[in-house]
Every structure is written in structure tokens, then in C-alpha cells.
Peer 1: 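Below is a structure I'd like to ask you about.
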Amino acid sequence: MRIATWNVNSIRARAARATAFLERSGTDVLAMQETKCTPAQFPAEAFEEAGYHVAVHGLNQWNGVAVASRHPILRVHDHFPGQPAFGDPAVVEARALGVVIDVSGALEGAPGSPAPAELTVWSLYVPNGRELDHPHYAYKLEWLAALRAQARGWLDADPAALVALVGDWNVAPQDQDVWDMAAFEGATHVSAPEREAFAAFAEDGWIEATRARTTNYTYWDYQRLRFPKNEGMRIDFAYASPALEARITSARIDRDERKGKGASDHVPVILDVR
DNA sequence: ATGACTGCTGAGAGCAGA
């Protein structure tokens, strides 16, 4: 089966592109970020007509996460336990959606055991951070640390679980993940604390599944001809539980989705799972 | 070419994005 993650930058502006992507790519489960709408505003019909179930979380015009799945959705979490709040008044924003999917019959059985019945996909939109001295940056680090603590518990509770932590991590973990490190002097996304917060997941056993399998940027700013000049960033990633990692056969970044009129500034990141 | 963004809200600029 095929799993993808994509920061769509408004699903209302991108619904036709999204369903076209699903059809073109053969994606079974799509995690979306920055849907920028409430559930009532979400174009669920477009996905349902294409044969997908949807789970949606959104509070207003900012953030927003969703999952579309060809397989039945069993359970939905609209935040993770301990997810930090932000703002005045502080609000737990729509940045994490955990969806448990019935994948019975869709994946291979391991030797001596039946095929797995459930896959959990978390669609994550990590806070941007804005500036290194902005409260949003501290919020970003808290958010990543809180997610790490929860996610470690998920692995401990069930080492055989198939879990994917996918989305827009808003961190460029390595220097080659931006086109020019000099352009990011003093900026967010490349700072040591952010990179350490991202790398910490690997210390707990999560495996970032795209790094070893594909190379490309996943984001190009709309401004200053960043895409024509290929001045991008690699900030969308997929951390897999060990049991899921063992089933991943390939990964791909759909750079072509950035082309043409009406593109999101991010492109889909795709995993094939057996 | 010393330039060159997009989406949302609400009706005009301002915020957010990274």
C-alpha cells in the first residue's frame, strides 16, 4: 500500500489538485497539513467521490490537519496527550491528527504470523517558530519534546505496532537540506536545538524512512523564483516505527507537484509499504 | 529587470508561512 504526506497549504484552494494527486500516484492513505479550514469547510465530498474516507481537524483559518484513506478509519485523535498550547488565551492548535486505519488484507503477513490489522498515521504540522527569539520558537521546541515523549511511549507499549509520524516538521535536519546555509544565518529551521529535537526521535527507535531512499527538497518558497532556481528546503519527513520501517520498500518525493499554476509550496512525500 | 508569492479574512490591509 502507498502512504503519502503533503502540506497542501489550503485544501479549499487545492481540492482538485489533491484528488488528481491521489489518482495519479495511487496513494491509499494521504496525511495533509495546513488545510486552513474547519471541518464544515473541508471539501470532504471531493475525497469521498474519489473513494476515500476522511478524518479532519481544524479550528479556524490557520493550521489544520486531515487524513484521507481508502481503508476504513477505526479511531481518530485530534491531538496527542500533552500537546502544548499557544497564544492568549492558550489553545491546543490543530497540528496533530492521529488516525488508526483498518489495513487487514492490505499488508503481507510476517513469517509465522497473520497480516497486521491496524496502521496508525499521525499527520503532523510542527509549529514554524517564526524567529529564534520569538515565543513561537520556544513553543516549537516544547511541541517537539512533548511529541517525542508521547511517541516513545507508543513504541514502548507495542514494539510491533505499525506507526507513522509524518508531516511538515519545519526542521531542515542537515545542511544539505537547504540550498544555501548562509541564507539561513540566524534563522529558524536550521538551529541546533531544532535539529536536536528532530534527531531525538531516532534515539528512541524511530527511523526516518525517506532520507535513505530518496533525495530532493520538499518545499520551495513562492517568493523570489525559489522553485525555478531550485532553492528549496527538505522539511517534510516520515518517521516510522521499526515494524513499519521493515515493510517500507521505497520512498519518493513528487517534485512535479510543485509545477504549474495553483501549486502548494510543499510537495507530497510518498512511501510504499508491503 | 535595481523586480518578481499565496491564502485567509472581510471589504482593506494585515497576518502567517519558512
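Lettering follows sequence order; numbering is per chain, from 1.
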Peer 1: Tell me which nucleotide among dA4(B), dG17(B), dG7(B) gets nearest to the side chain of L225(A).
Peer 2: dA4(B)
Peer 1: Would you indicate which nucleotide in dC8(B), dA16(B), dC5(B) comes nearest to any side-chain atom of R130(A)?
Peer 2: dA16(B)
Peer 1: Using atom CZ of R226(A) as one end and atom P of dG3(B) as the other, report the distance to the nearest whole Å.
Peer 2: 12 Å
Peer 1: Are Y239(A) and W122(A) close enough that their ring centres sit under 6.0 Å apart?
Peer 2: no
Peer 1: Strictly under 6.0 Å, is that where the ring centroids of F237(A) and F198(A) end up?
Peer 2: yes
Peer 1: Using the C1' atom on both, measure dG10(B) against dC15(B) and round to a whole Å.
Peer 2: 13 Å
Peer 1: Given atom CG of D265(A) and atom C1' of dC8(B), what is their separation to the nearest angstrom?
Peer 2: 14 Å
Peer 1: Please pick, from dA4(B), dG7(B), dC5(B), the nucleotide with the shortest atom-to-atom distance to any side-chain atom of Y222(A).
Peer 2: dC5(B)
Peer 1: Looking at every strand, decide which applies to N7(A) at a 4.0 Å heavy-atom threshold: base, sugar-phosphate, or nothing.
Peer 2: sugar-phosphate
Peer 1: Where each residue is assigned the nucleotide of DNA chain B containing its nearest heavy atom, which of K229(A) and Y219(A) is assigned the position nearer the 5′ end?
Peer 2: K229(A)
Peer 1: Does dA18(B) have its OP1 or OP2 closer than 4.0 Å to a side-chain nitrogen or oxygen of H266(A)?
Peer 2: yes
Peer 1: Heavy-atom nearest nucleotide on DNA chain B for R95(A) versus N9(A): which residue maps closer to 5'?
Peer 2: N9(A)
Peer 1: Nearest whole angstrom, please: distance from the P of dC5(B) to the CZ of R14(A).
Peer 2: 16 Å
Peer 1: Check step by step if side-chain hydrogen bond (donor to acceptor under 3.5 Å, both in side chains) holds for E142(A) and Y137(A).
Peer 2: CA-CA 9 Å; E142(A) 284 170 26; Y137(A) 178 77; over 6 Å; no
Peer 1: Over how many whole Å does the gap from K140(A) atom NZ to dA18(B) atom P extend?
Peer 2: 8 Å
Peer 1: Ring centres of F80(A) and W154(A) under 6.0 Å apart?
Peer 2: no
Peer 1: Without decimals, in angstroms, what is the distance between H134(A) NE2 and dC15(B) P?
Peer 2: 11 Å
Peer 1: Expressed in whole Å, how much space separates the P atoms belonging to dA18(B) and dC8(B)?
Peer 2: 15 Å
Peer 1: Provide the distance between the two C1' atoms, one in dG14(B) and one in dG3(B), to the nearest whole Å.
Peer 2: 23 Å
Peer 1: Among Y219(A), F21(A), Y125(A), which one satisfies ring pair (Phe, Tyr, Trp, His ring centres under 6.0 Å) with W6(A)?
Peer 2: F21(A)
Peer 1: Contact class for Y125(A) (heavy atom, under 4.0 Å): base, sugar-phosphate, or nothing?
Peer 2: sugar-phosphate
Peer 1: Between dG10(B) atom P and Q41(A) atom CD, what is the distance in whole Å?
Peer 2: 11 Å
Peer 1: Output the rounded distance in Å from CG (D168(A)) to P (dA16(B)).
Peer 2: 17 Å
Peer 1: Which part of the nucleic acid does S10(A) contact within heavy-atom distance under 4.0 Å: base, sugar-phosphate only, or nothing?
Peer 2: sugar-phosphate
Peer 1: If the C1' atom of dG12(B) is compared with that of dG7(B), how far apart are they to the nearest Å?
Peer 2: 16 Å
Peer 1: What's the CH2-P distance between W62(A) and dC15(B), to the nearest Å?
Peer 2: 10 Å
Peer 1: On the side chain of N170(A), is there an atom forming a donor-acceptor pair with the base of dA18(B) - under 3.5 Å, no angle test?
Peer 2: no
Peer 1: Think R224(A) has a side-chain N or O under 4.0 angstrom from the OP1 or OP2 of dA18(B)?
Peer 2: no
Peer 1: Short question: side chain of K140(A), backbone of N170(A) - any donor-acceptor pair under 3.5 Å?
Peer 2: yes
